[in-house]
Number of protein chains: 2
Amino acid sequence: MAAACELIDQTGTDAFSMRTLARRLETSTATIYRHVTGMEELRILVVDRLLGEVLASAAGRPPPGTWQEAARTELLLFHDALSRHPNLLGLFASEVPIGPNGLAVRERTITRLLEFGFPVSLAARAYTTLAHYVIGFLAPQHAPDAPGPRQAAALRRYYLALDPAEYPSTVAAADALTTVSHDDEFLEGLQFILDGIDTALARGGD
Amino acid sequence: MAAACELIDQTGTDAFSMRTLARRLETSTATIYRHVTGMEELRILVVDRLLGEVLASAAGRPPPGTWQEAARTELLLFHDALSRHPNLLGLFASEVPIGPNGLAVRERTITRLLEFGFPVSLAARAYTTLAHYVIGFLAPQHAPDAPGPRQAAALRRYYLALDPAEYPSTVAAADALTTVSHDDEFLEGLQFILDGIDTALARGGD
DNA sequence: ACCTGAACACCGTTCAAGT
DNA sequence: ACCTGAACACCGTTCAAGT
């Protein structure tokens with residue numbers, strides 16, 4: 001798993017294959033099949049390894065003062081771990097992570113919400129919504145050879161070059177759509193969701 | 001593009017390749033390269049074709065009464081189009097869709113928000129957050145041979161079989177996490193975001 | 001008991017050679 | 001001008017054969 005993570009970190013998802021991994025481990029592809037059932041399990045285990053980092057990075061933190069703080073911290077830890085391993089992003093789109101570390105992260109987040117008095121059903125819906133947001137936010141970033149800011153600048157130029165008669169709103173919003181920093185955009189979108197959950201909580205959380 | 005969409009609809013993303021497409025079109029792969037630059041452009045064009053369906057399905061609808069209604073309608077049209085072509089889901093994770101139909105859908109959604117008095121910056125942030133949510137919500141669904149409900153039932157059994165001492169919150173929330181219908185879950189998560197945007201709008205939308 | 005070369009059935013992409 | 005067979009450099013996965 002360590003070798004697989006390193007390989008993806010260094011060369012990207014596309015160059016990662018059973019064969020390149022076997023070469024790095026100085027063994028053969030057939031030997032890898034003695035440890036995992038196939039490519040799919042390999043990817044699941046790599047994802048779970050990253051979630052292990054998320055789990056570890058939370059150790060020793062002071063307990064959160066509010067549920068919003070708790071939720072924001074959880075999401076930011078996940079966001080930060082993926083920032084350290086941007087090439088792993090593409091692995092998250094396909095499945096609900098249910099490896100040991102995935103379970104532990106989900107358990108911790110839901111527990112935090114319940115501790116702050118959330119009804120179980122609201123905690124569950126809040127959790128899944130937040131999880132969907134963070135996946136959706138991070139998924140497009142892993143486009144090959146898109147180092148982020150450069151892509152945003154290109155997108156901005158593309159929007160600004162559109163015919164303002166046909167696309168008035170897009171042209172007007174070009175800056176707002178593209179020049180907000182990655183981290184700020186993440187936090188601002190997150191705040192919408194947290195405020196919406198707050199509204200539901202105030203209503204009684206049914 | 002029609003052949004490519006059909007092929008993916010019928011056989012899934014995995015079985016879709018230059019070779020299978022060429023076979024269906026009764027031509028050779030090299031001929032396809034006379035019309036598109038490669039696999040990536042092909043995927044972008046297929047995505048844009050689906051967004052064309054989204055655009056068309058909105059024609060002739062009555063104008064929305066509130067901005068929440070407008071936003072919900074836009075997102076539901078997108079959601080419905082993907083429900084008709086679940087196998088196309090996997091194509092959405094990788095890039096911001098900027099084909100002609102992608103541009104038109106974005107333009108229409110942002111325009112609606114501006115018409116209801118949104119400041120440009122809030123409209124842009126609302127749009128990107130909603131887009132990220134819908135992508136993140138739909139992305140995991142396209143797992144191969146996962147027909148949805150069956151997978152949810154399996155996930156529920158998996159959660160319920162966990163050690164309640166180690167995963168108390170996950171076990172307690174197992175039902176809430178897995179038995180809500182796909183559509184309801186989508187709408188409930190969406191409502192969090194809409195309420196959060198409402199809060200920002202009431203604050204003045206800065 | 002553990003490992004692996006070689007094979008099988010695939011990929012995306014290119015290009016010299018045909019019509 | 002348009003099309004394509006065949007090639008190139010790859011895949012994931014399997015298994016008979018070796019140590």
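In what follows, chains are A, B, ... by sequence order, proteins preceding strands, each numbered from 1. Predicted model, so just to flag it, every value in this text is computed and none were measured.
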Gap separating the CZ atom of B/F192 from the CG atom of B/L187, nearest 0.5 angstrom: 12.0 Å
Nearest-angstrom distance from the residue atom CE of A/M18 to P of C/dA7: 21 Å
Whole-Å distance separating the CD atom of A/E40 from the P atom of D/dC11: 19 Å
NE2 on B/H85 to CG on B/L50, rounded to 0.5 Å: 6.0 Å
pair A/F118-A/R112: side-chain heavy atoms closer than 4.5 Å: no
Euclidean distance for C1', C/dA9 against D/dA9 (whole angstrom): 16 Å
Polar-atom pairs under 3.5 Å, protein N or O versus N or O of nucleotides 17-19 of chain C: list them with distances, or write none.
none

Flag side-chain contact, heavy atom, 4.5 Å: B/L190 against B/R72: yes
Pair assignment for C/dC10, Watson-Crick or G-U wobble, requiring both distances under 3.5 Å: none
Distance, rounded to the nearest Å, where A/D14 contributes CG and D/dA9 contributes C1': 15 Å
D/dC10 OP1/OP2 closer than 4.0 Å to side-chain N/O of A/S17: no
Residues touching DNA chain C, which here means a heavy atom under 4.0 Å, drawn from residues 23-32 of chain A: A/T27, A/S28, A/A30, A/T31
Spatial distance of atom CD1 (B/I32) from atom CE (B/M18) [nearest 0.5 Å]: 6.0 Å
Length of the OH-P vector between A/Y33 and D/dC11, whole Å: 12 Å
CG-OG1 distance between A/L177 and A/T170, expressed to the nearest 0.5 angstrom: 7.0 Å
Rounded interatomic separation in angstrom, taking NE2 from B/H35 and P from D/dA1: 16 Å
Touch class at under 4.0 angstrom, heavy-atom based, for A/T37 against every strand present: nothing
Distance (rounded to the nearest 0.5 Å) between B/Y133 OH and B/I193 CD1: 6.0 Å
Spacing of B/R34 atom CZ relative to C/dG12 atom P, expressed in whole Å: 20 Å
Atom pair CZ (A/F186) and OG1 (B/T128), whose distance is rounded to the nearest 0.5 Å: 12.5 Å
d(CG, A/L21; P, D/dG12) in whole Å: 10 Å
B/E74 and B/R108: CA distance, side-chain angles, deciding distance, salt bridge (charged side-chain N to carboxylate O under 4.0 Å, His left out) verdict: CA-CA 9 Å; B/E74 292 290 335; B/R108 190 177 61 192; 3.0 Å; yes
Pair partner, C/dG18 [Watson-Crick or wobble, under 3.5 Å]: D/dC2
Closest to side chain of A/R19, choosing from C/dC3, C/dC11, D/dG12: D/dG12
